[in-house]
Amino acid sequence: MNAVVSWKRARVLLACSAAHILAMGSAKSQDVAPRDGVAASSEDIVVTAQKRSERLLETPQSVTALSSNDLSRLGARQFVDFATSVPGLQFTTTGAGTSQISMRGVTTGADVGSTVGIYVDDVPYGSSSAFANGARRALDAGLFDIDRVEVLRGPQGTLYGASSIGGVLKYVMNRPSLTGFSGTAEAGVSGTRDGGTGYDASAIVNLPIVNDKAAVRASGYYSRDGGFVDNVGNGQKNVDRGKVYGGRLDLLLAPTEDLTVRLTGFAQNIRRDGESYVDIGLDGTPVAGILDQDHPLEEPFRSDFRLVSGTITYDAGWATLTSITSYQTMKTHIATDGSAVYAPILALYYGVSDASAVAIDEYDRTKKFTQEVRLASAAGRKLEWQLGAFYTRENTLLHQVGQSYDTALDPIPVNILDARIPSLYKEYAFFGDITWHLTDRFDVTGGVRYAHNDQKFSQDNSGLLVAPAPQRTSGEGVTTWLANARYRFSRNVTAYARFATGYRPGGPNYLVLDPVTKEQAAPSTFRSDKLYSYEAGLKAETADHTFAVDAAGYYIDWKNIQLLTAVAGVSAYLNAGEAHIKGAELTLTARPTSGFVATGAFSYNDGYLPHGNADLGARKGERLPNTPHLTASVNVDYTLLEATLKPTLGASVRYASDQTVSFDGSAALRQYNIPDYVTVDLRGGFEVGPVDAQIYVHNLFDTRGQLSAQTVLSSLGGPAQVALLRPRTVGMRLTTRF
C-alpha cells in the first residue's frame, strides 16, 4: 500500500473515531405496549426481538433496527445494500438470491446449514436441513413497503430455534392501517460505470374496508439491475444483469378490541442472466480484467418464492394468545460452470479426456409448513412469562444434472451426474421464558427450548461422479438455554448480561465414494453443533434523544462444528473441532440540532481455532473465514427544515479490514485473501409539493472493494469467484405519498 493511500485511509478512520457518531436505527412504532405504566414515546426505537414489542433501549441483547427511512437514505433495494452498514453482519454472495449470511464470525466459509435464522415477520424462511442448499439461498427480499429490518446478534436458540446460532435477520413488513386511506408510488433510475442501466418502481395502497375493523394493504415492486460484469470467455456483456419483482397482499381484521386476524400473501421472483462475481487468481491477480469473468458456459439463476401466513392474536387481559400458521414454497434453478474442477477430474479419474467444459444444473424445491402458538403474560408485572410450541414439516427435492462438452461446446454423451435427493424434515419444539422483576430497576430472565427433529432422505443417483444409496434416517433432540440479567439505571440507561446457547440440526449424510479406493469417504450421519455465547452490554441515550450509545462485548465457544468436505467435487458433511470468538460492537447516534443526524457502527471480531483441525486444513490459532477483524460505517444527513424545498445532503463512509475465505491448508476450499477497502457514498434531495426527489452517488471514488469470495471451484487451481463492490453508480429516485 503506498503512502498516499495509507494517509487517506488514516484520515477517514480518524474522522470516524473523532465524530463519535455511530449507530444505525430509527425504527419507530405506534403499537407499543406500555412498560411499568410508561408507554414508549414517538422517539423510541421499538423492536420485537423477544417476540414482544419493547423499546430497543431496554432489550437485553445486541440488536440493530433499520427503519424504512434508514433504508431509503442508504438507497437500499436488496440485502447487500444495507448489510455492510450493520455491525457484526457478514455475507458471501454471487448475486440476489445466492447469498450466505453469518453474524459475529460464526462460519467456516462454506457452511453446511444456515447459521442465521431469517424471518418474514414471525415466519421462519427456508429449509432447516442441509439438503436444499439453504445456507446459500438466504432470502433477499425486495426492500419495498418494509417497516424495518431487525438484526439480532448472538444465538437465539430458545425463542427462534434451530439454525439461529449466529443470530436472526427479520424483515418486518408494514401492517395495514385501519384508520385511513393512503398510498405511495416510487420510481428510480441509475447508471453504473462500465455497466448497464438499472431502474425500479413500486406502488403501495392502504385501504380501510370497515373503519377501525378491517383494512387491506397491497404493494407491488419491480427492480432491474443492469449489471457490470463481463464474461470474456463467451463474449457476453453485463452477465450479472437481472431483476427482482413481486408483491404482497395483507388483510387485517379487528372484529373486537381484543382480537386481530392478519392474513398475508407474499410472492417474489428473481431472474438473473448470470452470477455477479469476477475471476481472480488465488494470488490476487485478475484472470482477465478486474470486472471480468472467464468461462465458456452461461450461468443463469431464477427463484420463485411464495408465502401465505395467518396470525391470530387475542388479548385476554392477563395474557395474550398468538397463533402463526404459514405455508411457503421456494423453487430455484442455478447453472454453474464447473469446468475448472470437473473437467480435470473427468480426465484424471474417469478417462473422459475430451471434456473441456462441464455444466452443473441444480434445481431446488422446498415446501414448508409451520405452526407456532404462544401465550404471553401481560407486561408490567412482577413475573412476566411466555410459553410456546412450534412445529414444522419440510419436503425438499435437490436435483443436480451434469453435462460435459468438448472444445466446440458440443455435448459429450456421457452421464457424469444425475442426482435426485428428496428429503423430509420434521421438528416439534416447546419453549418458554420467565422474567422476574426483583426490583423496579433489576430483573432476571431464564429461558429453555427443547426441540426434536426426524429426518430422512435418499439418493436416487446415476453417473460417474455419484452413486445411488437407500433411504437414510436420523432423529435428534436438543435443549437450548437462555439467562439474562438487566439493570435499568433510569428510563434511558440499561445494562445487561446475557448467556445463550444455540444449535444447528445434524442429520443423515450423503453416500460419497472415494474415486480411487471406491470406499465410503464420509460418515453415515453428522451431529448437531452447539454454540455457547456470553455477552454484556450497555445502552444509553440522553433525555432529549440527541445522543445515544450502544456497546456490547461477547465471547463465543463453538463446539462439534459441522463441516463441509468434498471428495472429487462431491459434497459430504462431518463434525470436527471447536472455535473461540471474541469481539465487541459500538454504536452511537448524534442529533445535535434539528434536521441533523449522524449514525454509524464499529465492530471488532477475533474468531480462531484453539487447536489444529486436519479436516478443515487449519492450523492452531488460524482465524475463522469471511469475517473482517474491523468494520466501520458512518452516515451523516442534514435537512434544512426551514427552507421551502427542504433540501437534504448526506454522506456515508464504510471500511472493512482484510479477511480470508478458507483455511491455509484446505485442499477442498483453497485459501484466498480479501484486502481491506474504504468506500464513500453521497446523496442529496429536496421536496417539490407532494414529490420527494433523491439524487445519489454510490462508490464515489470507484473503489474496487472486494466484498466476499468463494473458492468452491478452486481446488485444482481455478480462480476465486469474487463479489465486487458495485462501481460508481449515479441515480435518482422520485417518491410521492397520498
* To do: Please lay out, stage by stage, how D70 and S67 fare under the test side chain to side chain donor-acceptor pair (under 3.5 Å).
  => CA-CA 5 Å; D70 296 325; S67 72; 3.2 Å; yes
Measure from the ring center of [X] to the ring center of [Y] and say whether it is less than 6.0 Å.
| X | Y | value |
| --- | --- | --- |
| F79 | F91 | yes |
| Y171 | Y125 | no |
| Y534 | F499 | yes |
| F266 | F305 | yes |

Using atom types as modelled and distance alone, determine if a side-chain donor or acceptor of [X] lies under 3.5 Å from a backbone N or O of [Y].
| X | Y | answer |
| --- | --- | --- |
| N206 | G180 | yes |
| S102 | G105 | no |
| N575 | N560 | yes |
| T546 | P592 | no |
| T501 | T480 | no |
| R449 | L159 | yes |
| T256 | D258 | yes |
| E150 | V168 | no |
| Y425 | A130 | no |
| T587 | D550 | yes |

Between [Y] and [X], is there a salt bridge with N-O shorter than 4.0 Å?
| X | Y | result |
| --- | --- | --- |
| E58 | R55 | yes |
| E372 | K51 | yes |
| D122 | K170 | yes |
| R175 | D250 | no |

With rounding to the nearest 0.5 angstrom, report the [atom1] to [atom2] distance, [X] to [Y].
| X | Y | atom1 | atom2 | value |
| --- | --- | --- | --- | --- |
| E427 | Q455 | CD | CD | 9.5 Å |
| R137 | I118 | CZ | CD1 | 12.5 Å |
| N395 | T366 | CG | OG1 | 9.0 Å |
| T396 | K367 | OG1 | NZ | 11.5 Å |
| Y119 | S326 | OH | OG | 10.0 Å |
| I165 | L531 | CD1 | CG | 5.5 Å |

Going by salt bridge (charged side-chain N to carboxylate O under 4.0 Å, His left out), name the residues that satisfy it together with [X], two or more places apart in sequence or in a different chain.
| X | result |
| --- | --- |
| R527 | none |
| D111 | none |
| K426 | none |
| E585 | R104, R153 |

* **Closest heavy-atom pair and its distance - A215, L251** => O-CD1, 3.4 Å
* Locate the shortest heavy-atom distance separating V46 from S53; write the atom from each residue and the value. => CG1-CB, 4.3 Å
* Once the angle between the rings of Y608 and H580 is folded into 0 to 90°, is it parallel (under 30°), tilted (30 to 60°) or perpendicular (over 60°)? -> perpendicular
* To do: Using a cut-off of 6.0 Å, state whether more than 12 heavy atoms not belonging to W385 lie near its atom CH2.
  => yes
* Which pairs count as side chain to side chain donor-acceptor pair (under 3.5 Å) when at least one residue sits in residues 305-322, sequence neighbours excluded? -> N269-R306
* Asked: Does the pair E535 and Y555 meet the rule for a side chain to side chain donor-acceptor pair (under 3.5 Å), with working shown?
  -> CA-CA 7 Å; E535 178 182 333; Y555 175 81; over 6 Å; no
* Listed by chain and number, what are the ring-ring contact (aromatic ring centres under 6.0 Å, His included) partners of Y487, not counting sequence neighbours? -> F489
* To do: Using the side chain to side chain donor-acceptor pair (under 3.5 Å) rule, take D145 and N174 through it: C-alpha gap first, then chi angles, then the decisive distance, then the call.
  => CA-CA 6 Å; D145 202 22; N174 278 315; 3.0 Å; yes
* To do: Applying side chain to side chain donor-acceptor pair (under 3.5 Å), run through E476 and S528 and close with a yes or a no.
  => CA-CA 8 Å; E476 183 180 42; S528 62; 2.9 Å; yes
